[in-house]
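Reviewing the structure listed below.
Each ligand, and each atom within it, is numbered from 1 in the order the structure gives.
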Amino acid sequence: MKEYDVIVIGSGCGMNIVEEALAHDLSVALVDKGPVGGTCANLGCIPSKMLIFAADRIAEIQEARKLGIEAEIKNIDFGFIMERMRKSVHENHEHMKQGIAETKNLGFYEGEGHFIDDYTIEVNGEEIKGDKIFIASGSRPLIPPIKGLDDVDFLTNETVLQLKERPESIIIVGGGYIAVEYGHFFAAMGTKVTILEMAERLVLAEEPEIAEVLKKELGRRLDIYTNIRAEEVKGNELSITVIATDSKSGVKKEFKAQRILIAVGRRSNADLLRVENTGVEVDKRGFVKVNEYLETAKKNIFAVGDINGQQMFTHVANVEASLAADNAIHGGKTKMDYSAAPHAVYSHPQIASVGMTEETARKTHKVLVSKAKYSEVAKGEAMMEETGFAKAVVEADTGSILGFHIIGPYAPILIQEVIDAMASGISIDHIQASMHIHPALTELVPMSLINLNDADS
Ligand SMILES: Cc1cc2nc3c(=O)[nH]c(=O)nc-3n(C[C@H](O)[C@H](O)[C@H](O)COP(=O)(O)OP(=O)(O)OC[C@H]3O[C@@H](n4cnc5c(N)ncnc54)[C@H](O)[C@@H]3O)c2cc1C
């Protein structure tokens with residue numbers, strides 16, 4: 001049996017660990033069933049944002065009317081937009097595969113691995129043993145048990161990328177960030193989009209007032225139903241019918257579309273790894289349990305990225321991977337800190353958020369909150385941005401920012417100043433004291449910190 005210092009399962013954020021271990025002359029095995037590079041590069045962030053970039057341009061052109069610009073979009077080449085994305089993803093994938101093949105001292109096992117013993121993995125019929133094992137095997141689409149779903153050709157975030165022709169209409173089951181991002185994309189392409197969300201609002205992780213603005217704004221271009229549970233799916237390659245029940249009235253409704261996209265969340269890949277054959281424990285959702293050093297219940301087995309179910313975003317996964325590598329390889333004792341972990345939703349309007357929501361913060365802190373609209377700063381007014389706003393959640397005694405939330409244009413860029421402040425422990429006084437370019441949207445951040453008050457919003 002081949003023995004390694006380090007085995008890494010998963011080539012998404014796991015590549016950070018591979019590089020670190022190789023840089024320290026350790027023998028390393030990488031196990032990945034493909035596609036090499038993981039979800040973000042092949043099936044998630046990158047392809048979806050390439051598509052959404054085109055959708056944003058379309059939405060901007062359509063909205064230019066409010067500025068007195070009457071523009072006409074003559075043609076949207078869906079095939080070209082999809083192919084540009086596929087070509088780029090394919091090239092990056094090939095580049096990565098070549099890089100792995102050429103890496104010295106790396107044993108690459110392309111196949112699905114599983115534990116057969118505490119520190120032993122079987123892959124492609126071969127057994128390998130590692131002193132230290134990093135589980136970075138990610139997540140996959142969660143497919144809900146809806147009657148009839150298996151009998152129709154439903155799309156997921158994976159198969160949607162293979163579409164060659166624009167669907168005339170699509171039902172999206174789910175209202176989280178993947179659902180609203182693809183909802184925005186398809187609506188911009190000219191597809192009739194219907195979103196069916198079981199919860200009372202879209203994007204449940206966000207502030208309720210952000211979800212409200214999102215529903216109102218997206219609702220101009222998409223049909224959005226919340227509090228509705230998809231219960232049965234029927235159909236063929238020409239037409240899909242979804243039978244759903246309104247959870248408030250109990251009334252059954254039928255929705256029809258050419259295609260259906262399932263985007264109800266993610267499930268852990270820990271089952272594929274058969275972690276039950278080790279001392280590694282999983283929570284009730286199947287995600288691998290870790291302590292604050294990202295070590296599993298089994299010594300020298302770490303779990304990073306989506307597989308531990310903490311905050312399932314690439315930037316978080318990469319930080320976790322570096323931290324776990326440091327703890328495991330260099331004997332560090334650093335705790336993972338999620339307090340300034342941000343995320344973005346590339347819907348239209350865009351959303352960005354970092355730290356706690358007001359509701360969460362109030363459970364453990366004395367808080368002050370305040371908001372500012374884009375239209376309160378000169379650039380926002382120039383842009384005729386009417387609904388976007390920023391909300392600050394601040395600790396009353398210290399002035400430390402506990403959470404910050406933006407909905408509106410460039411939200412993922414605007415929030416970076418706050419992320420930096422939170423990560424380095426800087427209080428709101430420093431943000432307010434530093435000069436902000438006038439007129440620029442960045443003035444929204446200090447503006448949103450002016451009227452802090454302790455009223456429940
Ligand atoms: C549609 C979509 C859009 C997204 N957009 C964003 C975004 O804009 N920004 C953002 O930050 N995040 C985004 N995410 C989330 C992001 O993609 C994930 O958080 C990130 O990819 C997780 O990385 P990871 O390394 O944990 O897992 P992955 O990148 O999924 O890597 C896991 C790898 O392990 C392999 N594997 C699994 N089980 C086994 C096994 N038993 N044996 C061998 N190999 C195995 C998998 O095939 C995969 O290659 C998006 C996700 C989706 C689905």
Where is the nearest protein heavy atom to [atom]: which residue, which atom, and how far?
| atom | value |
| --- | --- |
| atom 9 (N) of ligand 1 | Cys45 SG, 3.8 Å |
| atom 27 (O) of ligand 1 | Gly138 CA, 3.4 Å |
| atom 3 (C) of ligand 1 | Gly44 C, 3.5 Å |
| atom 25 (O) of ligand 1 | Cys13 N, 2.8 Å |
| atom 53 (C) of ligand 1 | Asn157 ND2, 3.3 Å |
| atom 37 (C) of ligand 1 | Ser137 O, 3.0 Å |
| atom 47 (O) of ligand 1 | Gly34 O, 3.0 Å |

A student comparing Ile135, Asp306, Leu273 should find that the heavy atom closest to atom 22 (C) of ligand 1 comes from Asp306
At less than 4.0 angstrom from any non-hydrogen atom of [X], what atoms of ligand 1 do you find?
| X | answer |
| --- | --- |
| Gly10 | 33 (C), 34 (O) |
| Arg266 | 53 (C) |
| Gly111 | 42 (N), 43 (C) |
| Thr314 | 10 (C), 11 (O), 12 (N), 16 (C), 17 (O), 18 (C), 19 (O), 20 (C), 21 (O) |
| Gly305 | 26 (O) |
| Pro35 | 49 (O) |
| Tyr177 | 4 (C), 5 (N), 13 (C), 14 (N), 15 (C), 50 (C), 51 (C) |
| Met312 | 15 (C), 19 (O) |

- Message: Can you classify the ring geometry of Tyr225 versus Phe255 as parallel (below 30°), tilted (30 to 60°) or perpendicular (above 60°)?
- Response: perpendicular
Check: With under 30° as parallel and over 60° as perpendicular, where do the rings of His315 and Phe313 fit, or are they tilted in between?
Finding: parallel
Distance-only N or O hit between ligand 1 and [X], under 3.5 Å:
| X | result |
| --- | --- |
| Gly113 | yes |
| Lys49 | yes |
| Lys33 | yes |
| Ala317 | no |

Surrounding CZ of Arg229 (heavy atoms of other residues, nucleotides or ligands, distance under 6.0 Å), is the total greater than 12? no
*asked:* If you count every heavy atom of other residues, nucleotides or ligands that lies below 6.0 Å from Arg201 atom CZ, does the total exceed 12?
replied: yes
Any idea which part of [X] is under 4.0 Å from ligand 1, heavy-atom wise: side chain, backbone, both or neither?
| X | result |
| --- | --- |
| His343 | neither |
| Thr39 | both |
| Asp32 | both |
| Asn269 | side chain |
| Cys40 | both |

Take Glu20 and Asn16, measure what side chain to side chain donor-acceptor pair (under 3.5 Å) needs, and give me the verdict at the end. CA-CA 6 Å; Glu20 184 66 15; Asn16 296 285; over 6 Å; no
Is [X] close enough and on-axis enough to [Y], meaning under 6.0 Å and within 45°, for cation-pi?
| X | Y | value |
| --- | --- | --- |
| Arg57 | Phe53 | yes |
| Lys373 | Phe389 | no |
| Lys129 | Tyr4 | no |

Review point. Taking the non-hydrogen atoms of Glu112, is any one of them nearer than 4.0 angstrom to ligand 1?
Key: yes
Exactly one candidate in Arg220, Glu181, Glu217, Glu63 meets side chain to side chain donor-acceptor pair (under 3.5 Å) with His348; the answer is Glu63
We want to know whether [X] and [Y] form a side-chain donor-acceptor pair, criterion being a heavy-atom distance below 3.5 angstrom.
| X | Y | answer |
| --- | --- | --- |
| Asn327 | Glu295 | no |
| Tyr119 | Glu3 | no |
| Lys298 | Thr278 | no |

Residues Pro342 and Ala340: closest non-hydrogen pair is CD-O, 3.2 Å
Is the His330 to His24 ring centre distance short of 6.0 Å? yes
Between the main-chain N or O of Gly309 and the side-chain N or O of Arg266, is there a donor-acceptor pair closer than 3.5 Å? no
